[in-house]
Each structure stands twice: as structure tokens, then as C-alpha cells.
Number of protein chains: 2
Amino acid sequence: MDTIVGKQSICFQRPPQIVSAASVVGKKESEGPLGALFDEIESDPMVGQTTWEEAESALQKRAAQLAMQKTAELPGPGVPPVRYLFSGDLLGQLIATSFGVMDLKLPLFGLYGACSTIGEALMLGAMTVQGGYSEAVLALTSSHFGSAEKQFRFPLGYGGQRPKSATWTVTGSGAFVLSGSGGHAKITGATPGKVIDYGVKDSMNMGACMAPAACDTICTHLEDFGRNPEDYDAIVTGDLGVVGQKILIDLASERGYDISARHQDCGILIFDPEKQDTHSGGSGCACSAVTLAAYLLPKIESGEWKRMLFVPTGALLSTVSFHEGQSVPGIAHAVVIEHC
Amino acid sequence: MDTIVGKQSICFQRPPQIVSAASVVGKKESEGPLGALFDEIESDPMVGQTTWEEAESALQKRAAQLAMQKTAELPGPGVPPVRYLFSGDLLGQLIATSFGVMDLKLPLFGLYGACSTIGEALMLGAMTVQGGYSEAVLALTSSHFGSAEKQFRFPLGYGGQRPKSATWTVTGSGAFVLSGSGGHAKITGATPGKVIDYGVKDSMNMGACMAPAACDTICTHLEDFGRNPEDYDAIVTGDLGVVGQKILIDLASERGYDISARHQDCGILIFDPEKQDTHSGGSGCACSAVTLAAYLLPKIESGEWKRMLFVPTGALLSTVSFHEGQSVPGIAHAVVIEHC
């Protein structure tokens, strides 16, 4: 298969590998179904800092350092040092990232794909490694319930009720070191997504906003590679939640793909809606990133899964666009991860 | 020279070319020293839209379409269609970009590097083309005086005075199509920059905030490639302005490089501070992008300049980080553009 595949996909001829992954999460995430799997639990929501934003930056720094530390502990010839960072977050002007990665003293490619950011970072990181521009790169992202609520829903004091379609922003950070060899998971393909707008304006129903983008990217991916859903052990979206999942499965069915037996969603996996009052599921850049690091990637590394399609999803809104009455378009980036 | 060069640089072995460029600007920019050189002047600050943000989106869409239209008019075998977009802007959650590129129906890599964004887009675009992931890509960015003032300095009604160190956000958008051949300017190298923080907290003195990052990227670039400032016909920063230029030249001198004879700054080039009341200069993502498209690139294409170092600069702040008393770190990305 050529490097350029179909309408909008990439096939990696020399697949870069995910050689290490790190997940750092908050207390609520540690109490969810995946709680025992995360690398580090930070029970202080302020992470010892004075603001929510600094707290998120601290999470990002710790996840990055942990992922790089893990590569140093790998058996074998050793992974070359990380040369470039690909990172972003949800906050205006990426301040969690800017202040989080500063001490790492590495060149930064700042990314914004809303909650799809880790997909964008993994794609660009893999393109950079295979392209020979760097022997190792770090893909990184974060989100924080406190900083996200302040960014998008401030002031909280009004005490508005959260509808059942709302999601809960994950507090945490996920980090991945990519290199040419040394791991047990390889990135074999990617389908960068388009901005898709179905005109949904309900910012309390992100799943509905993002499901059309997820559908477009997944179906285009399957068409580009000439594959069926059954060619994947799992097709895992980022944070559609329970509400968005139903819409995605319906939309994909209309395009001729039954993904119901293969679909999972990080937002559904990470919280228990009955016990944790999280409604439709988890969200935020960290949602898919920490679920990949802690739960999905080990399944690929162990060989339990041979191939997965990882499809983080993002809702492209700001408080300004929302208050100006704009719709909430979505974007989704698909990354093929296989056992090796 | 290898692809991986020195501490943090890239040398392109098969340099991607800038095959077309487009610049769309507002009325004030059209009245500046470069006014006659821009492709399109939009005299309506609202660009026929109802909000500043929609206006900025409209500028981005027009610049993108114009750059792609220009490739269709090139003589010779023709440029392959653009497959991927690399774009970003200054607004929270990149809403100018999300709504601006939607109608283009192309996969989007959303970027945030503040006013350095076009440098990041050109680097990643060149990496994508040389890497064989796409035959042609579009690097794009925008800014708008109205949307930026609303984002960063709202409410304006207080009528606070602008100090002499302040800059004026450029209204406009710049777009560049990169492909393997077909142009007269090639991207031969790049030095992605680190987040650099000297602790400056004055958001009305962006030049001082960004000069240390510009210095770090430029000096590291020269060290990585073993070159001197004289190896470039020009070293052009993004939007340091008059105040930042002095600091950059001093800082570079401390690191052993006299760049005073080679240095120019898009922020200084684009406005006439005496006649236009712009104080230290222009700024915003569009500042360096439209100056490159309209003024710098033609000098390379004609052969008047053989080689330039294009170094857009970004100030990494948000209203949240500013109000929380954080400093304003900077970032700068360097792109080597040569005649061909």
C-alpha cells in the first residue's frame, strides 16, 4: 500500500512505535472503572499549585516526565532522547501546555484539536518519526475539570443543572513517546479529520456535536483502506458518551457500516455514570489520552487486540462562538494502532 | 547534511517548494508601506459578516481559496490538489480557523503558536510534503484587529491608553500552498522553537516578551547549521516591533551573533508608526504571514534574495494567565526559504 491512501489517509511504511505511555489522573478518575490502571493518582485537585490552570500544567509536566522516564527504563539498546513535543489542551491560547512544557526545554509544536488533540499529536508525531525528522518525539495533552469549567462554564455559582447529555471533563494528562523501535504497539495508519458541522448548537450535548465528525472520519478511513469494522478488534472514539455513541452507530449504519459490535468510547469507559454522576460520560483532551495509555494500549501491547482504530473526537466551540449563536462543529482524527 | 541537524533543527533533503501565496488584508494594512503589494484589500472590517470572529473566518477562507486558485493558474504540469490544511489563529479554541476552513472540506491540523503560527504551519507542511504524506498542503493563518481586541482587551470602553511599546493587530490572512515542485522558493530547513520565559509580565510590551524566544531560535539555528548571519540575505522576525528588535539584537550579540545588518521585522515593515499611530509595530498571526506572502517571498522568488531566515514570533498568554499574574513566555519558529 502506498503512503498516500484514498481520499485523506496515510499508511506508514515503516510504522513508528509507541515505546512508552504515561497517565496521571485526578481522584474522581481513580474511582472509576479504570482507576487501578493509571500510573499516578493526584488526589489534590490543585496539584499543589495556586490556580486550576497551573494545576493542569503540573499534570502535563508530570505525565511528560513519566513517559520519558519509562523509556529510560526499557530493556534493550535504549530509546533516543525525545527531540520534539507535540502538545495542546482545551484552554484559550493553550496556556496549560505553554506553562506545562516550559521546563522540559524541548521545541514545541502547539496543537489544538479540542478533545481530539492526542489523535493529532500521535499522527504528527508518527509522521515526524517516519519522516526521519526526529528519532523520538513526545505526544502529550491534558485537561482539568476545574480549568475547563472556568473556561467554558464560568461563573459556576448560578448552579445550572447539567442535562443527561452533558459530559464530565476528565482531570489528567496522557503522554506517549514515539520512536522507530522498542515498543509493542505500532502506528500503521492515520486519517486526519475534517471540520464537520451538522448545525447542532447545544454545548451541553457534545456527543451529538461530535458524532457526525467521528462518523465521517471512521467511514472515510474504512473506505480509504478498503477495510471493514471487523478488521479492527475495536474502534474507539474519544468522548462521544452514551448519547453520542447511539448517534454515531446510526450515522455509520446509514453510510453502510455496522460498527456496533466493535465500537467503544473512552468517555463511556472512564466513568461509572450510576455511581459517579457523570451523565453521558467523560470528556476533555485527557479522556481519550489517559484511557489509551492505561487501558487500550496494554491490550494492543499484550496482543489481546491485534489492531485498533483510535478516534479521539473534538467539539470546536468557544464561549465567544457559543454566545454569538454559532453551531458547534466537530472534528475527529483516526489513528491505527497494531500489535508488534 | 543529514535531515536531523544539531540540537533542534531539520534540513530538508528534497526541499518542498512554496508554489503559491495569497494575502488578504484590511483597510489600515492597505494604507501602510506594503499596501500596494497585497493581493486583496477588504475595506469592510466586518467582511460582510455579523461578528468580528466571522469576519476573520471569512478572511481565512478567502486567502485559502485564492492561494489554491493561483496554483491552478500556474504554467507547467500543474500542482496536485491540496490534501491537508495546517492552520491556526489567535482566538480561544481557534474559532476563526474552525469556521473559516469548514467549507474547504479538507482535513485540518489545527495549530496554535500565537503569532508564530504560520512558521509552525510552514514547517509541518514541509515535513508532510517531503515525508510523502501529501503531494500538496496549505499553510494558513489569520488575525483581525477587532476579534483580537475583543479576545484580549475587552471591554474597550475603558479607553485605556496604549503605551509606546504596544503593537497593533494586523487584520488579514496569509495562505501558502507547498508542493514538491512548481515554485521559485524552497523550504530548505527549519528550527522549531522552545517556550522561553524571561519573566516579562507586560502584555503591552509583546516585543520584550518574544525577543528572548526569537534570540534562542535564531542563535540555535545558526549554531545547528554552522552558519553566520551573513549567510542570509535577511533574518526576518514576526512581530517584535521597534522595542523588541532592539532587545533581540542585544541578546543575540551576547550570544556572539551580530544580526543588526541582517535583521528585519514584519511588524516594523507593515505599518508606518508616524502616520498610522501603530506605536511599536504590527502584530497578530497575519502580520508575518501577509508580509511573507506579499513582500518577502517575491524577493526570494525573483532571486533578489538567495536565502532568508523567516522567524515568526508568538507571545503565549491568555486573559486568564494574564489576570492570574503569570508571565508572558514567547516562542519562535525559524524557516529557511531559498530561491530556486
Side-chain angles (χ1 to χ4, degrees), chain A residues 2-4 8 10 13 50-51 53-54 83-84 88 90-95 97-99 101-102 104-114 117 120 123-124 127-128 130-135 147 150-151 191-197 217 314 316-321 324 326 329 331 333, chain B residues 2-4 8 10 13 50-51 53-54 83-84 88 90-95 97-99 101-102 104-114 117 120 123-124 127-128 130-135 147 150-151 191-197 217 314 316-321 324 326 329 331 333:
Chain A
D2 290 337
T3 303
I4 295 175
Q8 64 195 61
I10 292 166
Q13 310 294 328
T50 54
T51 68
E53 294 75 21
E54 287 172 344
R83 190 174 170 89
Y84 298 126
L90 283 178
L91 304 182
Q93 292 78 42
L94 298 197
I95 55 168
T97 299
S98 302
F99 290 95
V101 305
M102 205 186 290
L104 303 177
K105 299 189 188 307
L106 288 167
L108 167 69
F109 292 92
L111 309 180
Y112 183 77
T117 298
E120 188 182 347
M123 290 191 301
L124 288 170
M127 290 160 70
T128 300
Q130 175 174 299
Y133 308 117
S134 172
E135 290 186 291
S147 62
K150 179 169 157 183
Q151 172 80 99
T191 304
K194 293 182 280 196
V195 179
I196 304 285
D197 184 15
T217 298
L316 301 170
L317 83 163
S318 76
T319 50
V320 173
S321 68
E324 289 178 352
Q326 295 271 26
I331 193 165
H333 298 300
Chain B
D2 290 337
T3 303
I4 295 175
Q8 64 194 63
I10 291 167
Q13 311 294 328
T50 54
T51 68
E53 294 75 21
E54 288 172 343
R83 191 173 170 88
Y84 297 127
L90 282 179
L91 304 182
Q93 292 78 41
L94 299 196
I95 53 168
T97 299
S98 302
F99 290 94
V101 305
M102 205 186 292
L104 304 177
K105 300 189 188 306
L106 289 166
L108 168 68
F109 292 92
L111 309 180
Y112 184 77
T117 297
E120 188 181 348
M123 290 191 302
L124 288 170
M127 290 159 69
T128 299
Q130 175 174 300
Y133 307 117
S134 173
E135 291 186 290
S147 62
K150 177 169 159 184
Q151 172 79 99
T191 304
K194 294 182 279 198
V195 179
I196 303 285
D197 184 14
T217 298
L316 302 170
L317 82 163
S318 76
T319 49
V320 173
S321 67
E324 289 178 352
Q326 294 272 26
I331 194 164
H333 298 300

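Numbers restart at 1 for each chain; the letters A, B, ... are given by sequence-line order, proteins then strands.
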Going by side chain to side chain contact (heavy atoms under 4.5 Å, CB included), name the residues that satisfy it together with A:Glu54, two or more places apart in sequence or in a different chain.
A:Gln49, A:Thr50, A:Thr51, B:Gln326
Which atoms of A:Glu324 are under 4.5 Å from chain B, going by heavy atoms: the side chain, the backbone, both sets, or neither?
side chain
Comparing A:Glu135, A:Met127, A:His333 against chain B, the one with the most heavy-atom pairs below 4.5 Å turns out to be A:Met127
Top residue by heavy-atom pair count (under 4.5 Å) with chain A, among B:Thr3, B:Ile10, B:Leu91?
B:Ile10
Chain A: which of B:Ser147, B:Gly314, B:Gly193 shares the most heavy-atom pairs with it under 4.5 Å?
B:Gly193
At a 4.5 Å cut-off on heavy atoms, which part of A:Ile331 comes close to chain B: side chain, backbone, both, or neither?
side chain
Sequence neighbours excluded, which residues qualify as ring-ring contact (aromatic ring centres under 6.0 Å, His included) partners of B:Phe109?
B:Tyr84, B:Phe86
Name the region of B:Ser98, side chain, backbone, both or neither, that has any atom closer than 4.5 Å to a heavy atom of chain A.
both
Pick from A:Arg83, A:Gln8, A:Met102, A:Gln13: which one has the most heavy-atom pairs with chain B under 4.5 Å?
A:Arg83
Side chain, backbone, both or neither: which part of A:Ile95 has an atom under 4.5 Å from a heavy atom of chain B?
side chain
Heavy-atom contact with chain B under 4.5 Å, split by part of A:Ile196
neither
Tell me the closest heavy-atom pair linking B:Pro329 and B:Val195, and the distance in Å.
CB-CG1, 3.7 Å
Looking at chain A, which one of B:Gly92, B:Gly131, B:Gly113 has the largest number of heavy-atom pairs inside 4.5 Å, strictly under?
B:Gly92
What part of A:Leu104 gets within 4.5 angstrom of chain B, counting heavy atoms only: side chain, backbone, both, or neither?
neither
Counting N and O atoms only, with roles assigned by atom type, does the side chain of A:Glu120 sit under 3.5 Å from a partner on the main chain of B:Gly110, one being a donor and the other an acceptor?
yes
Highest number of heavy-atom pairs under 4.5 Å with chain A: which of B:Leu317, B:Thr117, B:Thr217, B:Asp2?
B:Leu317
Quick check for you: among B:Leu94, B:Val101, B:Thr319, B:Thr97, which has the greatest number of heavy-atom pairs under 4.5 Å with chain A?
B:Leu94
